[in-house]
Structures are given as structure tokens and as C-alpha cells.
Number of protein chains: 2
Amino acid sequence: MKDTALSERKLIILKAIIQNYLETGEPVGSRTLSKYTELNLSSATIRNEMADLEDLGYIFQPHTSAGRIPSDKGYRLYVDMLMEDKEEEITKRENAMLEKADKVEKVLQQAAKVLASNTNYATLVSAPVNSRNTLKFIQLSQVDSEQIVAVIVLGGNVIKNKIIEVGETLSNETLLKLNMLLNTTLNGMPIDQITLGLIARLKEQAGIHSEVVGHVLDAVAEIIHVEDDMKIYTSGATNIFKYPELSDKQSAQEIISAFEEKQQLEELVTETLASESGNGIQVYIGDETPVKTMKDCSVVTATYELGEGMKGTIGIIGPKRMDYEHVMKTLKTLQGELDAIYNKNPKE
Amino acid sequence: MKDTALSERKLIILKAIIQNYLETGEPVGSRTLSKYTELNLSSATIRNEMADLEDLGYIFQPHTSAGRIPSDKGYRLYVDMLMEDKEEEITKRENAMLEKADKVEKVLQQAAKVLASNTNYATLVSAPVNSRNTLKFIQLSQVDSEQIVAVIVLGGNVIKNKIIEVGETLSNETLLKLNMLLNTTLNGMPIDQITLGLIARLKEQAGIHSEVVGHVLDAVAEIIHVEDDMKIYTSGATNIFKYPELSDKQSAQEIISAFEEKQQLEELVTETLASESGNGIQVYIGDETPVKTMKDCSVVTATYELGEGMKGTIGIIGPKRMDYEHVMKTLKTLQGELDAIYNKNPKE
DNA sequence: GTTAGCACTCAAAACAAGGGAGTGCTAATA
DNA sequence: TATTAGCACTCCCTTGTTTTGAGTGCTAAC
């Protein structure tokens with residue numbers, strides 16, 4: 001029995017085992033399979049084949065005298081080769097909700113929700129990260145005698161603001177001048193090109209107000225700091241209660257905590273964005289996930305793009321026996337929708 | 001046995017039962033209580049008293065031949081009369097973290113976290129609602145040939161912004177003029193005083209740019225819309241797994257969903273803000289809570305204030321057998337801290 | 001190579017028995 | 001009269017035993 005290639009029949013059996021297990025969640029035995037119309041084999045024959053498949057590590061028994069369950073390796077083979085693309089229509093209705101929402105946050109939160117209700121798994125949507133982004137516009141305004149507010153507009157119309165305490169009261173002209181200075185120098189500039197040298201030069205030009213400029217640039221720096229900025233929207237975390245294998249106290253606690261804290265999800269997102277595959281869809285099975293608390297889950301992620309190389313992630317987290325076909329199809333659709341929404345937006 | 005007043009001894013026994021149950025979570029029996037030093041009574045006597053207390057509805061047995069458990073009515077009596085204020089020091093260390101955070105959202109998220117780690121219950125912090133708030137400052141800025149951004153600063157330095165599409169390109173002077181117009185009229189104005197008449201007047205004064213002004217005021221309206229604006233920060237939802245009586249699948253699912261969706265928590269917050277009690281601390285036991293999914297929990301909330309009558313809520317949600325004394329004390333402290341933080345902020 | 005048959009394994013369900021915590025009641029006691 | 005000791009009773013929980021049934025591996029026959 002060579003490890004390199006499985007016989008046709010073994011593949012069919014493996015596929016049958018997995019599909020059956022995806023549906024029922026119960027270990028599947030030889031008798032069940034022999035009743036499977038496609039292959040007219042007795043249970044005994046199937047047993048032999050299953051023994052082989054077990055030796056090769058594609059399936060295993062939870063205990064002696066139980067049926068077989070796919071191993072991570074088995075799932076992997078299935079996802080890579082055995083699975084056929086389901087060409088189903090996913091519910092367009094709900095997606096209509098996406099169109100309506102206007103603010104970015106709302107759209108993404110909606111997206112997570114739609115995804116969750118379409119799949120019955122836990123979902124996550126990360127906002128586009130604005131590294132490689134450009135600074136579009138800065139505006140300083142007096143708010144109080146000793147406070148100014150800096151409004152910073154980034155490419156993609158992401159707007160940020162920060163209150164800055166200034167010791168002195170700035171005159172209107174001064175503010176106007178500073179605004180001019182900042183905008184003529186920085187407008188349209190990719191934020192990774194704002195160097196220390198540039199900052200020094202700006203401060204110099206600001207003269208006695210160099211301190212204010214310093215504060216403003218600090219604010220910019222703070223705003224674009226990726227980690228700090230990564231917003232993650234989630235939905236349907238409680239869906240995991242639908243899958244007994246994940247809903248014992250221990251697991252449920254851990255997984256839901258991950259969704260609550262979001263810290264760990266960030267890792268997942270960065271990992272996904274870093275290692276991109278062909279169509280942008282990635283499947284992590286069990287131990288393959290970057291996040292240890294999800295070692296008993298499968299995670300499927302997709303990347304969507306929003307002009308300018310700004311990228312975000314959508315993903316779903318569920319049991320290993322998840323409906324990969326449906327999930328991948330749904331992700332692909334949503335990915336498309338998001339792309340569309342952002343590209344039809346007033347061009348950048 | 002009159003219902004109006006319980007004998008001194010019954011009160012002591014009831015208190016003992018409750019305190020014991022808070023600690024252990026197990027039904028408490030007569031023998032356990034008779035060993036209680038304070039009251040030198042035999043288990044038989046105690047049994048008689050317990051039978052009375054049960055008749056009166058303060059305690060009950062989960063099943064025959066089990067110890068007694070406090071009923072909602074029992075808890076209520078305890079909270080109202082029997083409980084003594086614990087004068088413990090709560091950990092000041094963690095509160096230091098509160099000081100550091102600057103942005104409102106960060107502070108509140110932190111607050112929720114601190115609360116959760118101090119109590120081991122699920123917690124919630126609602127951002128101050130800005131009805132009764134004033135508009136401090138408006139700034140329109142050109143961002144693109146056909147887009148302007150409106151930055152709106154509210155009292156308490158809450159900053160909002162919104163992109164507005166304008167059909168035409170506005171000149172610098174026009175913008176300046178509009179800014180002048182808006183600010184001279186609206187600055188410092190309580191937002192509930194921005195009436196239709198005022199809006200009409202403004203539009204008239206804006207002349208050919210009345211449309212833009214309309215958009216801006218729409219944006220203001222949208223921003224101050226209370227429901228839409230209510231942000232709720234939560235933490236420690238998974239703490240409920242620590243309490244077996246709440247962590248069966250059904251309950252856990254429901255409670256955590258409530259925390260994820262936040263919808264239901266909003267109801268809780270509005271209810272709390274509406275019916276305010278003396279020191280602003282409220283205790284909902286079991287069915288008393290406005291949120292049906294929490295009928296097996298107790299909810300304790302407090303209101304904090306931030307100048308100008310802007311109010312927010314902090315609250316904790318846990319099992320009925322929660323440590324009310326500790327919780328109320330902690331809430332009171334945090335309430336104070338928040339008040340302090342916001343009142344030491346540059347005066348409004 | 002396939003299959004029928006059989007002995008074997010093991011988890012889960014069903015059942016039985018015992019222990020223990022707790023109660024209510026009654027009768028004795030202070 | 002209030003308290004307590006004593007006792008019978010209830011019911012949950014734990015433990016151990018048995019039964020059932022699904023499933024396997026192996027061997028021998030086809």
C-alpha cells in the first residue's frame with residue numbers, strides 16, 4: 001500500500017465517510033457504507049478498506065468497536081481534492097441589507113451577521129487595514145481655549161479624530177497657517193512615507209508652533225498604527241452551541257472568550273492577510289489554525305480588497321465537520337459583494 | 001405567623017441561609033445551620049423555623065429531602081434589609097489603568113474590564129447618552145471635489161463626523177462662510193433646541209447653499225439620535241460559565257447572545273436610566289429584570305453622571321447568588337471613579 | 001478479490017442497591 | 001410553652017452490575 005496514491009475505491013469510500021460524518025456527526029461504520037448505493041460492496045470489504053485508510057491516517061476510531069471519524073489529514077484531502085463545488089444559490093435577500101447600510105462599520109457588522117445567518121457558524125469580518133494607505137486631508141480646529149481637534153481623513157474616506165491639548169490659545173491665522181503647512185506637505189502622501197526627516201522639516205517650518213505640529217503628527221502615527229486600528233466585527237459566536245463537539249464548557253468558554261476579547265482573532269486576521277492563496281480563500285483545519293484555542297475547529301477565511309491595496313478579511317469558524325462547500329461558496333459570494341460595494345463607491 | 005413582620009430569629013436564620021448559599025451554591029440544611037455558632041439551636045428547632053420561612057415564601061426546597069434555597073423574595077429581603085455594607089478595600093491597582101486611557105471608548109471598555117476582573121461576573125458599561133447635550137462646534141472641510149466632511153464636536157468632547165456628498169465643488173470662501181454661519185448660530189446650543197424653525201432660518205441664510213446646510217443638519221440629527229448612538233461595552237460574558245446554574249447550554253446560549261447582540265442590553269440600560277433610585281444603584285433579582293433572558297440572573301446597575309445631565313450606566317450580571325455586598329461596593333467605587341475622571345476633564 | 005460468519009470489544013443504556021443528607025412528626029424534656 | 005431528641009421516611013446521588021447493540025478483525029469459504 002503506497003502512501004503516494006490512494007486507489008480510486010479508497011477515495012470513494014473516504015469521501016463517503018466524510019460526507020456522512022459531516023451530515024450526522026456520528027462515527028460511521030462499515031454497514032452504513034455498504035448500504036450506500038454507489039458502491040455495491042459488502043460491509044466486510046469496506047472494513048478492509050477502512051482498516052487501510054486508518055493505517056494511512058485518514059480516519060480513526062474514537063474507540064475500539066466504534067465507527068470511523070475523519071482525521072485532520074482526511075479533512076484536508078477532502079477539501080483539497082474530493083470536494084465538489086456546490087453551485088447553489090445563496091439567499092440574495094439578506095444581502096440587500098448590505099447595500100443599504102452606509103457607514104463602513106455598519107456594513108461590516110451587517111456582513112458578519114449575514115454570514116452567520118447564512119452558515120450557522122461563528123463569523124468575523126475585519127475592517128480594511130490601512131497600511132499602504134494615503135493621508136488625504138488634515139484639518140485642525142479650535143474647540144476650546146486650550147484644545148484643538150485634529151481631523152484626519154485617510155484614503156477610502158476613513159475619518160479619524162483626536163483632541164490635542166495645547167498650552168496656549170492659538171489664533172485663527174495661526175491655525176490657518178498650520179493647516180496650510182500640513183496639507184501642502186502631506187496631502188496625498190502614503191503614510192509609510194512620512195519619515196522622521198520629513199517630520200523634523202515640518203516642525204522646523206512651523207517655527208514656534210513646532211510643538212503643536214509634533215502633537216498632530218503623533219496623532220497621525222497613533223491612528224495609523226495597525227494593531228491599534230484593527231477593528232474586528234463578529235457575529236453568531238453562540239452558534240457553536242449547535243455543535244456538541246464544541247459546546248462542552250471548556251471549549252465553549254475558550255472560543256467565546258476569543259470572540260469577546262478579539263485579541264486572538266487579530267492574530268488570525270494578520271496571519272490570513274500575510275499568507276495569501278490564489279483566490280484568497282484559505283482553510284485551516286484543526287491544528288493548522290494560527291490560534292491555539294481553535295484547535296478543535298476549522299477556520300475558513302477570505303480576503304477582500306478595497307482599492308489601493310487595502311485589505312480586509314472575512315471568516316467563519318465552526319466545527320471540523322463543517323459544510324466546507326457551502327461555506328466556501330458563501331464566503332466567495334460575500335467577498336464579491338464587498339468588493340463590489342467598495343468599488344462602486346465614489347472612486348478614490 | 002403574621003406576614004407583616006418576621007421574628008428576629010427568623011431573620012437571623014434567613015440571613016444565615018442566604019449567606020451560606022451565596023458561598024457554597026448548595027442547598028443548606030438544618031444541621032449545617034445549627035452548627036452555626038451565633039444561634040445555639042438544635043437542628044429540629046431550625047427545621048421548624050425553616051418550615052415557616054418556606055410557608056412565607058422566602059425559601060424553598062429544590063426537592064423533598066433537600067436543604068433550602070432562597071427564593072427571589074428571600075434575596076429581595078436580604079438585599080433590602082439584611083445585608084450589611086462591606087467596607088472592604090477594592091484593588092486600586094487596576095483602576096490606575098483607567099486613568100491612562102484617553103479616548104472615551106477606551107476608558108469605558110477598560111471600565112467594563114476592570115469591573116469584570118474585580119467581580120467575576122459579566123459586566124456592561126454604557127456610554128453617556130447625549131440627549132440634553134450641547135453642540136459645541138461644527139467644522140466643514142473640503143475633502144474631495146464632491147465631498148465634504150462635517151466634524152461635529154459635542155459637549156464632553158464627543159466627536160462625530162460624516163461625509164457629505166455635494167453635487168458641486170464649493171469654494172474656500174463659501175466653506176468659510178458656511179462654517180461661520182453654522183457656528184455663530186449653533187455653538188453652545190443644546191441640541192434639543194435645534195428646531196425646525198431654526199433650521200429653516202439657517203437654510204434661508206445660506207442662500208444657494210441651503211442644500212448643503214440641510215445635509216449638515218441631517219447629519220447632526222442622525223448623530224444625536226439616541227438609540228442609534230447608544231454604545232455598550234461589555235466584558236467577562238464568559239464568566240457565567242463559572243456558575244453551574246447558568247451554564248447549561250440553554251441559558252449560556254441565551255445570555256451570551258444577549259451580550260453579543262447588545263440589543264437586549266439597551267433595554268436594560270434605558271430602563272435603568274429611566275427609573276433612578278437614591279444613590280443610583282439598582283438591584284434586579286430574577287424576574288424583576290427588564291430583560292426576559294436574564295430571569296435566572298441578578299442584575300445590579302449604577303448610573304454615573306458626566307456634567308450636563310449626561311448619564312451612563314455600569315452594571316453587572318451574574319447568578320442570583322451573587323455577592324451583592326461586594327458587587328454594590330465595587331460598583332459604587334467605579335461610579336465614583338468615572339464621575340471623577342469626567343469632572344476633572346477640562347471643564348465643559 | 002470478495003464475502004459470510006463468528007467471536008470479541010466497548011460505550012452507552014438500564015437496572016439495582018446502598019448511603020447520606022435532609023425532612024416532618026411525635027413524644028419527651030426543661 | 002418552647003425546645004429538643006429520636007425515628008421513620010423520602011429522594012438524590014453514587015456505585016456497581018448487567019444488557020444491549022453497533023461495530024470491528026479475522027478466518028474460511030466462494
Side-chain angles (χ1 to χ4, degrees), chain A residues 1-2 5-14 16-18 20-21 23-71 74 244-245 248, chain B residues 1-2 6-14 16-21 23-71 74 244-245 248:
Chain A
M1 193 65 49
K2 283 191 278 187
L6 292 173
S7 74
E8 187 68 18
R9 197 169 68 177
K10 282 198 175 52
L11 286 178
I12 294 176
I13 290 178
L14 179 56
I17 292 175
I18 295 185
N20 202 296
Y21 185 68
E23 277 174 31
T24 66
E26 298 288 310
V28 15
S30 54
R31 261 202 53 144
T32 316
L33 286 186
S34 82
K35 277 181 288 187
Y36 215 75
T37 48
E38 309 243 7
L39 27 97
N40 287 319
L41 295 173
S42 77
S43 59
T45 314
I46 302 214
R47 278 204 287 284
N48 290 330
E49 296 285 46
M50 294 210 297
D52 289 347
L53 283 170
E54 178 155 12
D55 283 346
L56 295 172
Y58 291 105
I59 52 180
F60 69 97
Q61 299 180 275
H63 57 82
T64 350
S65 86
R68 303 307 213 284
I69 286 179
S71 67
E245 63 265 53
D248 61 301
Chain B
M1 194 64 50
K2 282 187 280 185
L6 293 173
S7 72
E8 187 68 17
R9 197 170 69 180
K10 282 198 174 54
L11 286 177
I12 294 177
I13 291 177
L14 179 58
I17 292 174
I18 296 184
Q19 286 184 336
N20 202 296
Y21 184 68
E23 277 175 31
T24 66
E26 298 289 311
V28 14
S30 53
R31 263 204 52 148
T32 317
L33 286 185
S34 83
K35 276 182 287 187
Y36 214 74
T37 49
E38 311 242 8
L39 29 94
N40 287 316
L41 295 173
S42 76
S43 59
T45 314
I46 302 214
R47 276 203 288 284
N48 289 330
E49 295 285 46
M50 294 209 297
D52 290 346
L53 283 170
E54 178 155 11
D55 284 344
L56 294 173
Y58 293 104
I59 53 180
F60 70 98
Q61 297 180 279
H63 58 84
T64 353
S65 87
R68 302 308 211 287
I69 287 180
S71 68
E245 64 265 51
D248 61 302

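Predicted model, so just to flag it, every value in this text is computed and none were measured. Naming: A, B, ... by sequence-line order, numbering from 1 per chain.
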**Request:** Would you indicate which nucleotide in C:dT23, C:dT3, D:dA5 comes nearest to any side-chain atom of B:Ser42?
**Result:**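 Out of C:dT23, C:dT3, D:dA5, the nucleotide with an atom closest to B:Ser42's side chain is D:dA5.
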**Message:** If you go through the side-chain atoms of A:Ser65, does one of them form a donor-acceptor pair with the base of C:dT9 closer than 3.5 Å?
**Reply:**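 For A:Ser65, whose side chain was compared with the base of C:dT9, there is a donor-acceptor pair (under 3.5 Å).
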Shorter than 3.5 Å, N or O on both sides, protein versus nucleotides 6-8 of chain C: list them out with atom names.
none

In whole Å, I'd like the distance from the [atom1] atom of [X] to the [atom2] atom of [N].
X	N	atom1	atom2	answer
A:Leu39	C:dT3	CG	C1'	15 Å
B:Asn48	D:dT3	CG	P	9 Å
B:Asn40	D:dT4	CG	P	9 Å
B:Ile69	D:dC12	CD1	P	13 Å
A:Glu49	C:dT2	CD	P	7 Å
B:Ile17	C:dT23	CD1	C1'	13 Å
B:Asp55	C:dT23	CG	C1'	14 Å
B:His63	C:dT23	NE2	P	11 Å

**Message:** Check this one for me: any side-chain N or O of A:Ser30 less than 4.0 Å away from OP1 or OP2 of D:dT24?
**Reply:**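 For D:dT24, OP1/OP2 do have a side-chain N/O of A:Ser30 under 4.0 Å.
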**Request:** Check whether any side-chain nitrogen or oxygen of A:Thr64 sits under 4.0 Å from OP1 or OP2 of D:dT24, and answer yes or no.
**Result:**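 The answer is no; no side-chain N or O of A:Thr64 sits under 4.0 Å from OP1 or OP2.
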**Axial bend angle, the helix from C:dG1-D:dC30 to C:dA30-D:dT1: five-pair end segments, nearest 10°** =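 End axes: 20° apart.
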**Item:** Minimum heavy-atom distance B:Ile59-B:Pro70, with the two atoms named
**Value:**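 Distance-wise, the nearest heavy atoms are CG2-CA, 4.0 Å.
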**Request:** Measure across B:Ser42 and B:Ser34 and return the closest heavy-atom pair with its distance rounded to 0.1 Å.
**Result:**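 Taking every non-hydrogen atom into account, C-CB, 3.9 Å.
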**Message:** As an exercise, state the distance from CD1 of B:Ile13 to OG of B:Ser7, rounded to the nearest 0.5 Å.
**Reply:**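 Going from the CD1 atom of B:Ile13 to the OG atom of B:Ser7 covers 7.5 Å.
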Do the non-hydrogen side-chain atoms of [X] and [Y] ever get within less than 4.5 Å of each other?
X	Y	answer
B:Arg68	B:Leu53	no
B:Tyr58	B:Leu6	yes
B:Arg9	B:Leu39	no

**First encountered from the 5' end of DNA chain C, between A:Ala44 and B:Arg31** =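 The residue mapped nearer the 5' terminus is A:Ala44.
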**Qualifying residue for side chain to side chain contact (heavy atoms under 4.5 Å, CB included) with B:Leu41, from B:Asn48, B:Ile46, B:Ile12** =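 Only match with B:Leu41 under side chain to side chain contact (heavy atoms under 4.5 Å, CB included): B:Ile46.
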**Message:** Assuming nearest nucleotide by heavy-atom distance, tell me which of A:Arg68 and B:Arg9 is located more 5' along DNA chain D.
**Reply:**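 Taking each residue's closest nucleotide, the earlier one in sequence belongs to B:Arg9.
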